[in-house]
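Input: a single structure, listed below in structure tokens.
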Amino acid sequence: MRLSHLLLPTERQPPADAEALSHKLMVRAGLIRQVGAGLWTWMPAGWRIHQKAVQIIREEMDGIGAQEMSMPLITPAEHWVTSGRHDSVGAELFRFQDRKRADMVLAMSHEETVTFHVSSLVRSYRQLPLQLYHFQLKGRDEARPRAGLLRTREFVMKDAYSFDRDEEGLDVTYELQRAAYHRIFERAGLRFYECEADVGMMGGSGAHEFMAPCAAGENDVVLAPGYSANLEIASADPQPVPPLPDAVQGELHTPGQTTVEAVAGALGVHPGNLLKAFPVVTESRGLVMVMVRGDHRVNELKLTTKLGEPFKQATPEQLGGAGMHPGFLGPSAEVQTLYDAAVTPGRYVVGAGKPDHHVVVDLEGGERIDVRTVEEGDTVGGHPVVIEPAIEIGNIFKLGTRYSEPFGASYVDEAGKTRPIVMGSYGVGPARMVAAAAEQWGDERGIAWPRALAPWDVELVGIGKAGTPERDAAEALYAELQASALDVLYDDREAKPGEKFADAELLGVPLRLTLGKRSLESGQLEAQRRRGREDVEGGVPIGGAAAAVEALWHELP
RNA sequence: CGGGGAGUGGCGCAGUCUGGUAGCGCACCCGGCUGGGGGCCGGGCGGUCGCAGGUUCAAAUCCUGUCUCCCCGACCA
């Protein structure tokens, strides 16, 4: 490809409203342009990168026997009513009516559609197991799109669905997918973690997320040797606190001290010597008091899972109605009280249940539930955890019969008995892979793409005016490289060398060749690896350059 | 949805308080010089100042309404 013919709108300055590195660099490099909130156009060079990711995914899906197909973005609302998601998803679902006033939905994923098909097309155990996948747009009316491509309202997803006759079959398929995901992200040159993930209120028997660590990530990953989990569900051993001094005992007058910090400060004790009350209300239980150590925070997702139902924080009115006083809440005989697992037996300062007083209690052991948020410095297997921001680039999920039951997707087994099909779903966002790579491999000059994602394999920078011997040589080399196995971008523009180098570093093709007057004098091309901007020692002889360049390329990250 | 910020040429900005000929840098076009890290000189093109009302002799500027975008939070199959 000749750069002089490529629509590559590079910019010296990032958009004023861009914050995330990938957002700034991908716009500056001419890869993407914004259309609206969470809506992006891929420019030609950017789309090449996206399609590189797509092709890696495709090869790995095909490699485990999944079959590529394509299902529509527009779907009848009826399917979503059948699955229950028409009600449960809420405003995130794009809804509209067609000209006949029929309710329609932009698919946010394709469980409904694929299960609709499988329910009618698969009748026998002989047709199982089955894996189907496609690359298709997803529409999600996100409350807050952000950070360029990291959270958008429309994006291509590879979503695969598996159909097995039982849980054991699903386990096998799930492992195939899990291994394929590792290969996909490794091939793409991404740093990533496989994390235990929340299976949500939908049930399901297991889920993993693939998280790419980066500064702009909107999730947090808890990491320790042999352990990685989304902060949403992570568990770890708490950091110890010194025991409550014996001098602190009985009822304590704590006027106006409604926060852990205030009480701990006034008493001169560690915040972990206090218990914090987190009053919630659920539909089936009413008011529940959740007690966590004073220096800890309740993890609302973990609490929801443990309660087995959604909750809302109790309002001051609800507390007042129960004769309680916000700021001085403690364990109560009148309401169910649950203790976090980090609340070990011992003496704690708790709210006395009346204004301006706290009291020391001596807690026995007893039932505990793990509902707190893990913190940096907590330990797993004796090792302190670190918490890193990360972006979710893929997930795999054991759906079970969540969709096959409502759609009646079942098969007849050898004994002639009808059984529900057991499903799994497996998603990857190629755009997020690309954005994550930009986050991980971006620097102040641009993006140093992993070679597997780079829009071209090499960029040839021709120095000098058209018609000069050096440019003739560049043209000849371009032709030679085109005949090789490499995809080459040739900067043949009438531009200053500095501008060409700056654009090349912005675009981030992994290997840059420079051919100018100097090269003709020395007989050597200059070659620079974009990662680390490191020159290839001694250059590359112009004679037979294509083969040498191919060899160099194969050693790139 | 709550809080904060912003809409002026392709990009980045000034001008708005205090109403009076729309301006700067980059990019773009033409000519010349230059030719290995965004170079220099000269000449140009391009904007109904987000939109709609209103006030005024006069509105980018004041008033009202509205749309859009960004950031933080809530939310996120």
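Order of the sequence lines sets the chain letters (A, B, ...), proteins ahead of strands, with each chain counted from 1.
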Exercise. Relative to W441(A), does R531(A) satisfy both conditions: NZ or CZ under 6.0 angstrom from the six-membered ring centre, and within 45 degrees of the ring's axis?
Worked result: yes

For this session: Mind checking A147(A) for me? I need base, sugar-phosphate or nothing, with any heavy atom below 4.0 Å counting as a touch.
Result: sugar-phosphate

Exercise. With a 4.0 Å cut-off, would you call E111(A) and R402(A) a salt bridge?
Worked result: no

For this session: Tell me, please, which residues at least two apart from N395(A) pass side chain to side chain donor-acceptor pair (under 3.5 Å).
Result: E392(A)

Exercise. Do R493(A) and G38(B) share a donor-acceptor pair, side chain to base, under 3.5 Å?
Worked result: no

Exercise. With both distances kept under 3.5 Å, what pairs with U48(B), Watson-Crick or G-U wobble?
Worked result: none

Problem set entry | Span that lies between the C1' atom of C26(B) and that of G38(B), in whole angstrom | 10 Å

Problem set entry | Closest non-hydrogen atom pair between R530(A) and I447(A), with its separation | NH2-N, 3.7 Å

Identify all pairs in which a protein N or O lies below 3.5 Å from an N or O of nucleotides 33-35 of chain B, and state each distance.
{"residue": "U34(B)", "atom": "O2", "partner": "K496(A)", "partner atom": "NZ", "Å": "3.0"}
{"residue": "G35(B)", "atom": "O6", "partner": "K465(A)", "partner atom": "NZ", "Å": "2.7"}

Exercise. Reckon E505(A) touches a base, only the sugar-phosphate, or nothing at all at heavy-atom distances under 4.0 Å?
Worked result: base

Exercise. So what does T10(A) touch, heavy atoms closer than 4.0 Å: a base, only the sugar-phosphate, or nothing?
Worked result: nothing

Problem set entry | G-U wobble or Watson-Crick pairing nucleotide for A58(B) (cut-off 3.5 Å, both distances) | none

Problem set entry | Nearest-neighbour nucleotide for the R146(A) side chain, C71(B), A77(B), G37(B) considered | C71(B)

Exercise. C1' atom, G25(B) versus U8(B): distance in rounded Å?
Worked result: 15 Å

Exercise. Closer than 4.0 Å, any side-chain N/O of R144(A) to the OP1 or OP2 of C72(B)?
Worked result: yes

Exercise. Quick one: which of A77(B), G37(B), A74(B) gets closest to the side chain of Q528(A)?
Worked result: G37(B)

Exercise. Using the ring of each side chain (for Trp, its six-membered ring), is F278(A) parallel, tilted or perpendicular to F311(A), with breaks at 30° and 60°?
Worked result: perpendicular

For this session: Take atom P in G3(B) and the same atom in C62(B), then report the distance between them in whole Å.
Result: 23 Å

Seminar exercise, completed: Mate of C17(B) across any strand shown (Watson-Crick or G-U wobble, both atom pairs under 3.5 Å) is none

For this session: Would you please classify the geometry between the F116(A) ring and the H79(A) ring as parallel, tilted or perpendicular, with 30° and 60° separating the classes?
Result: tilted

Exercise. Checking all strands, does R533(A) fall into the base, sugar-phosphate, or nothing category for heavy-atom contacts under 4.0 angstrom?
Worked result: base

Exercise. Only one of F155(A), F135(A), W42(A) clears ring-ring contact (aromatic ring centres under 6.0 Å, His included) with H50(A); which?
Worked result: W42(A)

Seminar exercise, completed: Atom CG of L150(A) and atom P of C70(B) are separated, to the nearest Å, by 13 Å

For this session: Could you tell me whether R493(A) and D503(A) make a salt bridge, using a distance below 4.0 angstrom between a side-chain N and a carboxylate O?
Result: yes

What nitrogen or oxygen pairs link the protein and nucleotides 7-14 of chain B at under 3.5 Å?
{"residue": "C11(B)", "atom": "O4'", "partner": "E11(A)", "partner atom": "OE1", "Å": "3.4"}
{"residue": "G12(B)", "atom": "OP1", "partner": "A16(A)", "partner atom": "N", "Å": "2.9"}
{"residue": "G12(B)", "atom": "O4'", "partner": "Q13(A)", "partner atom": "OE1", "Å": "3.1"}
{"residue": "G12(B)", "atom": "O2'", "partner": "Q13(A)", "partner atom": "NE2", "Å": "3.3"}

Seminar exercise, completed: Residues in residues 35-42 of chain A with a heavy atom under 4.0 Å of RNA chain B, by number, are G36(A), A37(A)

Exercise. When we call it a touch if two heavy atoms are under 4.0 Å apart, what does S83(A) touch: a base, just sugar-phosphate, or nothing?
Worked result: nothing

Exercise. If we take the C1' atom in both U21(B) and C29(B), what is their distance in whole Å?
Worked result: 26 Å

For this session: Rounded off to whole Å, could you give me the CG-to-P distance for the N230(A) and A77(B) pair?
Result: 12 Å

For this session: For E218(A), answer base if it contacts any base atom (sugar-phosphate contacts may also be present), sugar-phosphate if it contacts only those atoms, and nothing otherwise; contact means non-hydrogen atoms under 4.0 Å.
Result: nothing

For this session: Can you sort out the partners of F94(A) under ring pair (Phe, Tyr, Trp, His ring centres under 6.0 Å), two or more places apart, ordered by chain and number?
Result: none

Problem set entry | Residues from residues 425-434 of chain A lying under 4.0 Å of RNA chain B - heavy atoms | none

